[in-house]
Number of protein chains: 2
Amino acid sequence: MKLQQLRYLRAIARHQFNISKASQSLCVSQSAISKQIQLFEHELGLELFKRKGKQIIGMTTVGETILLKAEQALENVNDIQLLAEDKTHRRQSLSIATTHTQARYVLPNIVGRFVKQFPDVSLHIHQGNPIQVAAMLEHGDVDIAIATEALSDASAILAMPCYQWSRSVIVPNGHALSQLNTLSIAELIRYPIITYVQGFTGRYKIDEAFQQYDINPDIVLTAVDADVIKTYVRLGLGVGIIADMAVNPEQDKDLDVLSAKALFGVSTSHIAIKKDKYIKSYVFQFIELFAPHLRLSVVEQALLLSDSHSLSKLFSQFSIPFFQREGGEESNKV
Amino acid sequence: MKLQQLRYLRAIARHQFNISKASQSLCVSQSAISKQIQLFEHELGLELFKRKGKQIIGMTTVGETILLKAEQALENVNDIQLLAEDKTHRRQSLSIATTHTQARYVLPNIVGRFVKQFPDVSLHIHQGNPIQVAAMLEHGDVDIAIATEALSDASAILAMPCYQWSRSVIVPNGHALSQLNTLSIAELIRYPIITYVQGFTGRYKIDEAFQQYDINPDIVLTAVDADVIKTYVRLGLGVGIIADMAVNPEQDKDLDVLSAKALFGVSTSHIAIKKDKYIKSYVFQFIELFAPHLRLSVVEQALLLSDSHSLSKLFSQFSIPFFQREGGEESNKV
DNA sequence: CGAAGTTACGGATGCCGTAATGATG
DNA sequence: CATCATTACGGCATCCGTAACTTCG
């Protein structure tokens, strides 16, 4: 049995049982994988894959079990490499999986400070929807995941609250809504609404608020991207509901910004790591930079706790800070 | 990185950092190991072993961490092989680590029934002192460990109670002690005592009983082996205290056997498996054969529990049976 | 000087890639 | 006929063993 064979097995499973795709992802020929899998199956004396002629259509039950063990073994092996790279300071890299909102409005400031502090660490930001972000973390493809939506209920993932935020309603300057003393749901729904796509940036909180009053708002347009929302608000297509973080006082002078905290409540964004993966030293540094209350000692404590109950107890000791923009110029750098 | 390199690393650590010993245990040349370790260290870019000139005298701290990960990886790999062998019914083997008392007096009957039921499974009984038995199980060298003493407090080990037993005092026929109505500690210590070596076969229970009365018995001889004890009792050197299981009514007709249950209480023997190791199907069968109350479903339940509290709660549902000899002829077969 | 580890070299094995061949829809 | 898996073959890397060398107690 070779580690390569385990890697090939995993790659095939991760590419819809398509050897060609798997071979491309590993930069080897199809034949190499095909042959090694055959050798592996022969050595074990059993079939790992269900075949229909020459086509692979799935895994056998033993195959599934063996895949699980193989993934664990590869994870341990990967940990050894990460550990060595961390200790020797070679090939230092930090991979972050996150959603658009974080990448565009929250991370720039943090990332700017991080690269100044760790100039030798190469940074990789993988953007995706919340489900993809969670998957990237679970697969061990990234060191850190940052998102507002549930990152994962898997016990192998540790998600920690890093900041709270609320929403703002944005309208063109001088819009009727700007004249009101207090914004209400009743007033809001008199206009077409532009906001996030479902599943993104706490959209469900907005839906909940409307449902509570049994109101069916006229949502004319949705986007994953606050910039897109702003653009259509500027065109007068409707009023926008976006996350606080996405409001840029300097660039958005042509828009009136009304806090909608009272209407939609607050959301909490989380930063998550994979518990059983080796955690590089500067991952802890990044976390502390991002959320100062998540000091090394706190994260280490959290890593030892397994049940969600004692975890939330741990974090309830801290007041999770609200998001706040730090210096307009800084935030657009990098 | 190669699996071999991890195996070599582990072997060196398990042989007091002696490459020559490690190479012998793996049936390869010293140079093979020496070179692979060097290549591995070079690939990682750090030293795994502390050296003094050419002598290896220990591991570095990173080395320790990497060894841990390597052992986990190898365990997963080993599981894959075990699983395949189990499913394909090739190279079926069951390794049991146990102490002398179990191997000599308890196991023969069980083993006899097991080999009848699984004629294709080759059986290996590794005998050792309780500490060695626990180590063999923790290293994954054996599938099952059976002993009375604490097998391990490690959470990776699941120890289950299988039967209870008490002690008997043995004396030559017609000895003064046989004439008594009830045996007491006070009567007992009037004679020299022959019993087990410390750390074996519940010896500590005997010591406890004497200490309770603040008595210093005259223990003239200790052995790991009840047969040895019997021999010296026959020679008239003293009275013997041995485990119930070791009494053979047929062969021991020249000895009078007096129950000492009231004096020394009862002990419970345990059967243990390594939780995260792959458990072959016939391991479950063996366990049930050995302790009928430990049915497959019970063991599976126990495997899911992590804390000792809920475990003891689970087992408190069953009345752990007392040991009883089953057919004198049977027990000496095999 | 003996025990233990490292270095040197030759042989065998094994892994991969290219290219041809065989299935499948 | 296009896609995908398997088979065939040659080149290159690598892993091992024997044996000589080095270092420490």
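Within every chain, numbering begins at 1; the chains are lettered A, B, ... in the order of the sequence lines, protein sequences first and strands thereafter. As the structure is a computational prediction, the values presented were derived from the model and not from experiment.
Taking a 6.0 Å sphere around OH of B:Y232, one finds it holds 12 or fewer heavy atoms contributed by other residues, nucleotides or ligands. Within a 6.0 Å sphere centred on NZ of B:K87, other residues, nucleotides and ligands contribute 12 heavy atoms or fewer. More than 12 heavy atoms of other shown residues, nucleotides or ligands fall within 6.0 angstrom of atom NZ in A:K275. Enclosure of atom CD1 in A:I131 is not indicated, since only 12 or fewer non-hydrogen atoms of other residues, nucleotides or ligands lie within 6.0 angstrom.
Using a 4.0 Å cut-off between charged nitrogen and carboxylate oxygen, B:D227 and B:R104 count as a salt-bridge pair. In summary, B:K280 and B:D86 do not engage in a salt bridge, as defined by a charged side-chain N under 4.0 Å from a carboxylate O. Using a 4.0 Å cut-off between charged nitrogen and carboxylate oxygen, B:E85 and B:R90 do not count as a salt-bridge pair.
Contact record, A:F40 with A:Q5: CD1-OE1, 3.6 Å, taken as the closest heavy-atom pair. Between B:V142 and B:S95, the shortest heavy-atom contact is CB-O, 3.6 Å. Of all heavy-atom pairs spanning A:A70 and A:L9, the tightest one is CB-CD2, 4.1 Å.
Across residues 28-35 of chain A, A:S31, A:S34, A:K35 each have a non-hydrogen atom less than 4.0 Å from an atom of DNA chain D (numbered order). Taking a 4.0 Å limit (strictly below) on heavy-atom distances, residues 46-55 of chain B reaches DNA chain C at B:R51, B:K54, B:Q55. Of the residues in residues 10-22 of chain A, those lying under 4.0 Å from DNA chain D by heavy-atom distance are A:F17, A:N18, A:I19, A:S20.
The nucleotide range of DNA chain D contacted by chain A, defined by atoms under 4.0 angstrom from heavy atoms of the protein and reported 5' to 3', is D:dC4 to D:dC9. You can see that DNA chain C meets the heavy atoms of chain B within a 4.0 Å-exclusive cut from C:dA4 to C:dC9, reading 5' to 3'.
Donor-acceptor pairing under 3.5 Å is lacking for the side chains of A:S122 and A:S93.
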Check your understanding: Does the pair B:I80 and A:M1 meet the rule for a side-chain contact (heavy atoms from CB on, under 4.5 Å), with working shown?
Key -> CA-CA 10 Å; B:I80 293 177; A:M1 186 182 324; 4.0 Å; yes

Exercise for review: Output, in order, the C-alpha distance, side-chain angles, deciding distance and verdict of salt bridge (charged side-chain N to carboxylate O under 4.0 Å, His left out) for A:E64 and A:K69.
Suggested key: CA-CA 9 Å; A:E64 300 265 9; A:K69 292 283 179 186; over 6 Å; no

Exercise for review: Mind running salt bridge (charged side-chain N to carboxylate O under 4.0 Å, His left out) on B:R51 and B:E41 for me, showing each step along the way?
Suggested key: CA-CA 13 Å; B:R51 290 152 216 257; B:E41 285 184 323; 2.5 Å; yes

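Counting heavy atoms from C-beta on, the side chains of B:V28 and B:Y8 come closer than 4.5 Å.
Direction change of the helix axis from one end of the helix from C:dC1-D:dG25 to C:dG25-D:dC1 to the other is 30°, with five pairs defining each end axis (rounded to 10°).
Residue B:E75 forms a salt bridge (charged side-chain N to carboxylate O under 4.0 Å, His left out) with just one option from B:K274, B:R10, B:R7, and that option is B:K274.
Within the 6.0 Å centre-distance limit, the rings of A:F114 and A:F118 are counted as a close aromatic pair.
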